[in-house]
2 protein chains.
Amino acid sequence: MRILHDVSDRDPAEGGGLRGRKKRETRASLVAAAVRLAAEHGAENVTVDAISEAAGVSPRTFFNYFDSRDEAFVMMGAESSGRVRRAVLAAPAEVPPLAVLRDALAAELGEVEQQHELWRLHSEVLRRSPHLLARSIGAHVEDEFTLAETLAERIGAGSPLFTGDRPPLGTAEGQLRRQALELYPRLLAAVGTTAVRVAVEHWCVRQDEATFEAVFRTAFDHLAAGLAEPAAPAVPVDEA
Amino acid sequence: MRILHDVSDRDPAEGGGLRGRKKRETRASLVAAAVRLAAEHGAENVTVDAISEAAGVSPRTFFNYFDSRDEAFVMMGAESSGRVRRAVLAAPAEVPPLAVLRDALAAELGEVEQQHELWRLHSEVLRRSPHLLARSIGAHVEDEFTLAETLAERIGAGSPLFTGDRPPLGTAEGQLRRQALELYPRLLAAVGTTAVRVAVEHWCVRQDEATFEAVFRTAFDHLAAGLAEPAAPAVPVDEA
DNA sequence: CGCAAATATGCAGAGACTGCAAAAATATAT
DNA sequence: ATATATTTTTGCAGTCTCTGCATATTTGCG
């Protein structure tokens, strides 16, 4: 039994065939049209009919790609998840997890600056509609879960938790250790994603005072310092 | 000029008068009705008409309290923000910020267990509708911002950044320090909120393996340890 | 009680969204 | 190339969400 009405139900969306390509093109086209129209007229004043017409498809087709109108304003960067995942898995084994995550996210944020123009409009749209900002943040929780799994995979490979000697999982310490093991990647992914969001928001308000790179690193330095009170500029997570 | 159609426009919602009380009662009544109906029939199958009737108001009135139907499923715990704020400001001056936040959140989570029954239904509803889960998470970003301001206020009181000698803000070091000062409370609030969310989600899945209190503390211990790889059970943030 | 402000309600209408069935496009086999 | 199966698009009808406006009801206060 298949779930109906979900265009991205399986492969063809990622396949190299004509179907997959057209599908990705249509989706991107709808997102771009939605963002551009919202930037110009305000998100509330953009109808599904308008978006569909601008993208060259029927209004009914719009709902084959998105469950709601707002989703079209929020579904940017859907491919980032995969790239970050690859970057995390490709990192050298000796780098600590937090640094791995930091660098993977930094690389992706660099990629994003290619689409500069559309992302600029996008942030403008979100800034003017708190409603959509909330929606956008919530939408990224899905990616966060995937990221947690990737981090768990990455950590599992070279972690002393798996390689060295350890107490059997049946014991009390084993239970504690196992709980921490499952909680840690989840927390790391969630906190990392959150740090990116805060850094972006912070930087958007004061673009003239510092580069995004600086804000981003400061945020992760805070994390590495255990979020201790910053009596002095936070210490970097590594010097390598 | 006032924004129309927003019932919580100002005071009366919090005032002790009859107006404020009835308003809070109606809102709570609508939320409770929405959650209960959603738990029974599934959130998608609950119409505004049904919620309104169960709460004893007209459908039109529903939209005087919520901007969208889904908001009624998500607007639980709206009063938590204020209580956490008070707890943060009331904490002894010598406790480090992360510990202050941790304890304030822990106290509030204890409070929540009073409404046990409704919260149980609520989490059930969110679990069965990822769409609403995303919405719920996004909705709490507003509170997160308030919390950041509270933390900044609290830190500003006893922080060496304000009490001791410091370089003038015009200098380069001053700029860096100021940026960190503004970023830190924001990051602390966001990360703390995130940690609570992850702890709750993690605990919901494995309620039998550990108490929520334990999961919660483990999460904050990870934060205090700079999210370092947990080779051994994470070290507590304080021993006091 | 009588007046002013806040709130609730009804109504009409635009727009969001869904199920269904037919048409068009694409893949696969002969 | 033609036929067939699968996927995607589209139109249509209908329900539900949400808003503006006018009106009635309730509450606060002198």
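Given the structure is predicted, the values throughout are model-derived calculations rather than measurements. Just so it is clear: chains get the letters A, B, ... in the order the sequence lines come, proteins before strands, and each one is counted from 1.
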Restricting both atoms to N or O, compile the protein contacts to nucleotides 11-13 of chain D shorter than 3.5 Å, with distance only.
residue, atom, partner, partner atom, Å
D:dG11, O6, A:R60, NE, 3.3

Distances for protein N or O near nucleotides 26-30 of chain D N or O, under 3.5 Å:
residue, atom, partner, partner atom, Å
D:dT27, OP1, B:K22, NZ, 2.9
D:dT27, O2, B:R19, NH2, 2.9
D:dG28, OP1, B:L18, N, 3.0
D:dG28, OP1, B:R19, N, 3.2

Quick test: give all pairs of protein nitrogen or oxygen and nucleotides 14-16 of chain C nitrogen or oxygen below 3.5 Å, distance rounded to 0.1 Å.
residue, atom, partner, partner atom, Å
C:dA16, OP1, A:V48, N, 3.4

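With sequence neighbours excluded, the residues that form a side-chain hydrogen bond (donor to acceptor under 3.5 Å, both in side chains) with A:R83 are A:E108. With sequence neighbours left out, the side-chain contact (heavy atoms from CB on, under 4.5 Å) criterion links A:P59 to A:D49, A:S52. Partners of B:L105 according to the side-chain contact (heavy atoms from CB on, under 4.5 Å) rule, which considers only residues two or more places apart in sequence or in another chain, are B:V84, B:L101, B:V196, B:F216, B:F220. With sequence neighbours excluded, the residues that form a side-chain contact (heavy atoms from CB on, under 4.5 Å) with B:V31 are B:V35, B:F66, B:M75, B:M76. Judged as a side-chain hydrogen bond (donor to acceptor under 3.5 Å, both in side chains), and not counting sequence neighbours, the contacts of A:D70 are A:H131. When the side-chain hydrogen bond (donor to acceptor under 3.5 Å, both in side chains) test is applied to A:R85, the partners found at least two apart in sequence or on another chain are A:T150, A:E153.
Atom CG in B:N64 sits roughly 15 Å away from atom C1' in C:dA5 (whole-Å rounding). Atom CG of B:N45 is separated from atom C1' of D:dT15 by 13 Å (rounded to the nearest Å). Rounded to a whole Å, the CD atom of B:E71 is 14 Å from the P atom of D:dT17. Atom-to-atom, NZ of A:K23 to C1' of D:dT9 comes out at 11 Å; the value is rounded to the nearest Å. The CD-P distance, from A:E53 to D:dT10, rounds to 13 Å in whole Å. When rounded to the nearest whole Å, the span between CG of B:L30 and P of D:dT17 equals 14 Å. Protein atom CG of A:D70 is 12 Å distant from nucleotide atom C1' of D:dT17, rounded to whole Å. Between B:E44 atom CD and C:dG19 atom C1' there is a gap of 16 Å when expressed in whole angstrom units.
Listed by residue number, the members of residues 129-138 of chain B with any heavy atom below 4.0 angstrom from DNA chain C form an empty set.
Under 4.0 Å is where a charged nitrogen must lie from a carboxylate oxygen, and between A:R186 and A:E149 no such pair does. B:E71 has no carboxylate O lying under 4.0 Å from a charged side-chain N of B:R135, or vice versa, which leaves the two without a salt bridge. Salt bridge annotation for B:E182-A:R206: present, with a cationic side-chain nitrogen under 4.0 angstrom from a carboxylate oxygen.
Each of A:G56 and B:F66 lies near DNA chain D, and the nucleotide nearest A:G56 is the one positioned closer to the 5' end.
Over its full length, the helix from C:dC1-D:dG30 to C:dT30-D:dA1 turns its helical axis through 30°, comparing axes from the five pairs at each end and rounding to 10°.
A:I137 CD1 to A:T194 OG1: the interatomic distance, rounded to the nearest 0.5 Å, is 9.0 Å.
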Under 3.5 Å, sequence neighbours excluded: what are the donor-acceptor pairs made by side chains of residues 116-130 of chain A?
residue, atom, partner, partner atom, Å
A:H122, NE2, A:F73, O, 3.0
A:S123, OG, A:R120, O, 3.0
A:E124, OE2, A:R127, NH2, 2.8
A:R128, NH1, A:A39, O, 3.4
A:S129, OG, A:E44, OE2, 3.4
A:S129, OG, A:V125, O, 3.3

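For the side-chain contact (heavy atoms from CB on, under 4.5 Å) criterion with B:V191, the lone passing option out of A:V198, A:L223, A:L187 is A:L223.
Put simply, B:Y65 has no side-chain N or O that comes within less than 4.0 Å of OP1 or OP2 on C:dT7.
Using a 30° and 60° split on the angle between ring planes, A:Y184 and B:H222 fall in the tilted class, from 30° to 60°.
With hydrogens and angles left out, the side-chain atoms of A:T26 and A:S29 include no donor and acceptor closer than 3.5 Å.
Judged by distance alone, the side chain of B:S136 and the main-chain N or O of B:L132 form no donor-acceptor pair under 3.5 Å.
Using a 4.5 Å cut-off on side-chain heavy atoms (C-beta onward), A:E209 and A:W203 make no contact.
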